[in-house]
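Values below: all heavy atoms of this structure, side chains included; hydrogens, waters and symmetry mates excluded.
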Amino acid sequence: NGRPEKIYRVTPSGVAWLQVNGFEKAAVLAMSDPIDLAHRYCQMLVGVQSSAKVEVEKIIPLSDGRNIRFDVGVPLSKGILQFIEIEQRLDRNNITRAIEKFRALGELFNAEASKKLFSSEILFVFNLSAASLPRTLNIWRDALAFAFPWDAPLPFTPRYTTIDAFVYDP
């Protein structure tokens, strides 16, 4: 009928029912911040638009017991995974987070085994207004330059789109 699906928030009693009925790992979403909720919604939206078999919050081990977490992992042909990151905002005072993310990406994609397991193209989907996008992209570009100086090869290909463009053309 053209109406969107209803969204429900699971309460503790709903979680108890789910656990009794076979969903032992069910839990209450412990967040109420609108930005965090929007991020989770975008993860699901991008996942649904990408493939029937995506993995949200895909964790890949790195060296020394560290991990890198991707918002969405999309299976491609021959068992290769494509990673998608949802970004909503990055302030200059938080650039370290982006630098660390790019360095971890570099570590992952410099590993020989990665070439057989993961697409080297990373898609960043920005959930931002058109007015906020240029400023945020500049901060991400600066973070990439700090993580990989001009003489350092980039072992992955970052691409970006906006959430509204992705929804209409995944």
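Residues satisfying the side-chain hydrogen bond (donor to acceptor under 3.5 Å, both in side chains) criterion with Thr161, sequence neighbours excluded, are absent altogether. A search for salt bridge (Lys or Arg N to Asp or Glu O under 4.0 Å) contacts involving Arg69 returns Glu57, Asp71, not counting sequence neighbours. Looking at residues two or more places apart in sequence or on another chain, you find a side-chain hydrogen bond (donor to acceptor under 3.5 Å, both in side chains) between Asp142 and Arg92. With sequence neighbours excluded, the residues that form a side-chain contact (heavy atoms from CB on, under 4.5 Å) with Val167 are Leu45, Gln49, Ile163. Applying the salt bridge (Lys or Arg N to Asp or Glu O under 4.0 Å) criterion to Arg89, with sequence neighbours excluded, gives Asp91. Applying the salt bridge (Lys or Arg N to Asp or Glu O under 4.0 Å) rule to Asp164 yields no partners; only residues at least two apart in sequence or on another chain are considered. Under the rule for a side-chain contact (heavy atoms from CB on, under 4.5 Å), the partners of Pro149 that lie at least two apart in sequence or sit in another chain are Asp151, Ala152.
Applying the ring-ring contact (aromatic ring centres under 6.0 Å, His included) test to pairs two or more places apart or on separate chains, those with a residue in residues 61-94 are Phe70-Phe83, Phe83-Phe118. Each salt bridge (charged side-chain N to carboxylate O under 4.0 Å, His left out) pair with one or both residues in residues 11-21, not counting sequence neighbours, would appear here, but there are none. For residues 76-88, the pairs satisfying salt bridge (charged side-chain N to carboxylate O under 4.0 Å, His left out) are Glu85-Lys101, Glu87-Arg97, with sequence neighbours left out. Within the structure, the side-chain hydrogen bond (donor to acceptor under 3.5 Å, both in side chains) test picks out the following pairs touching residues 12-30 (sequence neighbours left out): Thr11-Ser13.
Here the closest non-hydrogen pair linking Gly73 and Leu81 is C-CD2, 4.0 Å. Residue Cys42 comes nearest to Asn127 through the heavy atom pair SG-ND2, 3.4 Å, listed as atom of the first residue, atom of the second, then distance. Contact record, Val54 with Pro75: CA-CD, 4.2 Å, taken as the closest heavy-atom pair. Across all their heavy atoms, Leu62 and Ala104 have their closest contact at CD1-CB, 4.0 Å.
Note: the hydrophobic cluster containing Val74 does not contain Phe126 (ILVMFWY, side chain heavy atoms under 4.5 Å, direct or indirect links). Transitive grouping of hydrophobic side chains (ILVMFWY, heavy atoms separated by less than 4.5 Å) brings Leu154 and Phe102 into a common cluster. Using a 4.5 Å cut-off between side-chain heavy atoms of Ile, Leu, Val, Met, Phe, Trp and Tyr, with links allowed through other members, Phe166 and Leu133 fall into different hydrophobic clusters.
Side-chain contact check for Trp140 versus Tyr160: every heavy-atom pair is 4.5 Å or farther apart. Within the 4.5 Å cutoff, no side-chain heavy atoms of Thr162 are placed close to those of Leu128. Annotation: side chain of Leu144 is in contact with side chain of Pro158 (closest heavy-atom distance under 4.5 Å). You'll find the side chain of Arg141 reaches within 4.5 Å of the side chain of Asn138, heavy atoms only. Taking the side chain as every heavy atom from C-beta outward, Pro155 and Phe148 approach each other to under 4.5 Å.
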**Report entry** Chi angles and distances behind the side chain to side chain contact (heavy atoms under 4.5 Å, CB included) call for Leu76, Ser119
**Finding:** CA-CA 8 Å; Leu76 302 176; Ser119 167; 4.1 Å; yes
Requested in this report: With side-chain hydrogen bond (donor to acceptor under 3.5 Å, both in side chains) as the test, would you mind laying out the steps for Ser132 and Arg135 before giving the verdict?
Outcome: CA-CA 6 Å; Ser132 299; Arg135 184 179 148 288; over 6 Å; no
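Here the CE atom belonging to Met44 is positioned 9.5 Å from the CD1 atom belonging to Ile86, to the nearest 0.5 angstrom. With values rounded to the nearest 0.5 angstrom, Thr157 atom OG1 is found 8.5 Å from Ile122 atom CD1. In this structure, CZ in Phe156 is found 4.5 Å from CG in Leu105, a value given to the nearest 0.5 Å. To the nearest 0.5 Å, the span separating CD1 on Ile95 from CD1 on Ile139 amounts to 6.5 Å. Residue Leu90 holds its CG atom at 9.5 Å from OG1 of Thr96, rounded to the nearest 0.5 Å. Between Ile84 atom CD1 and Phe124 atom CZ the span is 11.0 Å, to the nearest 0.5 Å.
A distance-only check finds a donor-acceptor pair linking the side chain of Gln82 to the backbone of Glu121 [under 3.5 Å].
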May I have the list of side-chain donor-acceptor pairs in residues 109-116 shorter than 3.5 Å, sequence neighbours left out?
unit_1: Asn110; atom_1: ND2; unit_2: Gly106; atom_2: O; d: 3.0
unit_1: Ser114; atom_1: OG; unit_2: Leu108; atom_2: O; d: 2.5

